[in-house]
Amino acid sequence: MRWIIRLLGLAAVLAAFVLGALFFLPGERIAKIAAEQITRATGRAVTMSGETRLSLYPVLGVATGAVEIANADWSDAGPMLRAESFKVGVDPRVLWGGEIRITGLEVVAPEIRLERAADGRVNWALGVEGVAPSGQSEGGTPAQSARLGLTLDRALITGARLSLTDHGTGEVLELTDLDLDLRWPDYDGTATLEAAFRRGGGPVTVSGRLDEVGAFIEGAVTGVSATVAA
């Protein structure tokens with residue numbers, strides 16, 4: 001019985017230590033480092049504004065106000081992504097120091113602009129070495145594909161509006177009320193997704209998986225399966 005009481009006491013002390021660390025964890029620092037990591041991973045400047053709030057549940061992380069991710073320099077349509085609010089989940093091991101690893105994202109009511117230039121360039125080409133946050137090559141050296149330093153235990157997008165513009169053909173595709181639940185825990189592993197959106201007034205749902213995501217990002221052909229209902 002005494003050992004049980006001692007163990008319970010130790011558990012209480014550890015819980016108090018963890019909670020204290022959580023309350024003193026600088027949310028602004030996490031948000032800044034998360035923005036820098038996303039910028040390095042995508043090659044696009046990330047701007048977060050508004051009050052930064054620390055969240056404890058269901059994941060450890062921070063929530064911010066509006067967020068923007070820059071578009072390619074050849075586009076004049078505005079940011080590639082603009083959202084009302086943004087949550088970043090991090091690995092709890094940040095409490096004991098070390099590098100902050102992003103494990104989850106939640107984006108509320110974003111406007112997402114995907115574009116294909118007349119010469120074939122696309123504004124969603126990310127994870128490229130030698131590319132500045134503006135999307136242009138640095139120092140006159142050719143850009144090279146690089147591994148994205150990012151995996152996602154879970155990414156949630158709610159209430160999104162997505163547009164895809166092909167400047168070569170003039171075609172514009174728009175999706176509204178887009179909700180996406182994406183799970184990608186291993187860079188070279190499988191990603192699964194559940195999505196729902198509206199196109200032309202009708203609801204559409206999609207569930208599927210993409211194998212070997214890392215290889216797919218780097219240009220390889222990989223397995224994909226999906227179920228679509230409309």
Side-chain angles (χ1 to χ4, degrees), residues 31-32 34-53 55 59 61-89 102 104-118 120-128 131-136 148 150 152 154-184 191 193-208 210 217 226 228 230:
K32 180 180 179 181
E36 291 173 349
Q37 286 191 351
I38 295 174
T39 295
R40 288 198 302 268
T42 63
R44 301 291 172 81
V46 178
T47 303
M48 297 181 182
S49 60
E51 180 185 1
T52 300
R53 303 180 305 278
S55 62
V59 295
V62 292
T64 71
V67 62
E68 291 187 356
I69 298 180
N71 209 332
D73 272 2
W74 49 263
S75 171
D76 58 4
M80 186 174 74
L81 182 146
R82 178 188 286 120
E84 292 180 0
S85 64
F86 190 70
K87 293 182 180 179
V88 181
I102 298 173
L105 299 174
E106 182 175 348
V107 188
V108 177
E111 295 182 9
I112 305 169
R113 299 181 178 92
L114 302 181
E115 300 178 79
R116 183 188 299 275
R121 290 177 296 172
V122 294
N123 73 335
W124 63 84
L126 306 174
V128 179
V131 175
S134 62
Q136 297 300 302
L148 283 170
L150 178 67
L152 294 170
R154 191 177 192 187
L156 292 173
I157 295 177
T158 57
R161 182 181 184 90
L162 183 146
S163 64
L164 174 59
T165 303
D166 190 327
H167 295 282
T169 64
E171 182 180 4
V172 178
L173 171 66
E174 290 192 348
L175 306 179
T176 59
D177 298 328
L178 171 62
D179 296 332
L180 173 67
D181 186 339
L182 171 69
R183 298 170 191 257
W184 175 32
L193 66 89
E194 300 284 339
F197 58 87
R198 301 184 71 86
R199 182 186 178 194
V204 180
T205 60
V206 180
S207 62
L210 174 65
I217 291 174
V228 182

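For the pair Arg113 and Trp124, the minimum side-chain heavy-atom distance is 4.5 Å or more. Considering only heavy atoms from C-beta on, Val122 stays 4.5 Å or farther from Leu114 through its side chain.
Evaluation of the side-chain contact (heavy atoms from CB on, under 4.5 Å) rule for Ala66 yields Ser49 as partners, not counting sequence neighbours.
Once rounded to the nearest 0.5 Å, the distance linking OG1 of Thr64 with CD of Glu84 reads 12.0 Å. Atom CG in Leu105 sits 12.5 Å away from atom NZ in Lys87 (nearest 0.5 Å). Here the straight-line distance linking atom CG of Asn123 with atom NE2 of His167 works out to 8.0 Å at 0.5 Å rounding.
A pairwise comparison of heavy atoms in Thr158 and Pro110 identifies O-CD, 3.5 Å as the closest pair. When all heavy atoms of Val46 and Thr39 are compared, the pair lying nearest together is N-OG1, 3.3 Å. Taking all atoms of both residues into account, the shortest heavy-atom contact from Val206 to Phe197 is CG2-CE2, 4.0 Å. Minimum interatomic distance between Ala70 and Met80 (heavy atoms only, all atoms of both residues): O-CB, 3.8 Å. Listed here is the closest heavy atom pair of Arg116 and Gly120: NH1-O, 4.0 Å. In plain terms, the two heavy atoms of Ala77 and Glu115 that are nearest each other are CB-OE2, 3.8 Å.
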Using side-chain contact (heavy atoms from CB on, under 4.5 Å), reason through Arg44 and Leu81 one step at a time and then give a plain yes or no. CA-CA 11 Å; Arg44 301 291 172 81; Leu81 182 146; over 6 Å; no

What verdict does the side-chain contact (heavy atoms from CB on, under 4.5 Å) test give for Trp184 and Leu193, after you've listed the backbone C-alpha separation in whole Å, the side-chain angles of each residue and the deciding distance to 0.1 Å? CA-CA 9 Å; Trp184 175 32; Leu193 66 89; over 6 Å; no

Sequence neighbours left out, cut at 3.5 Å: what donor-acceptor pairs do the side chains of residues 170-179 make with other protein atoms?
from: Glu174; atom 1: OE1; to: Arg161; atom 2: NH2; distance (Å): 3.0
from: Asp179; atom 1: OD1; to: Gly159; atom 2: N; distance (Å): 2.9

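At least one donor-acceptor pair closer than 3.5 Å links the side chain of Asn71 to the backbone N or O of Gly78.
Each salt bridge (Lys or Arg N to Asp or Glu O under 4.0 Å) pair with one or both residues in residues 197-207, not counting sequence neighbours, would appear here, but there are none.
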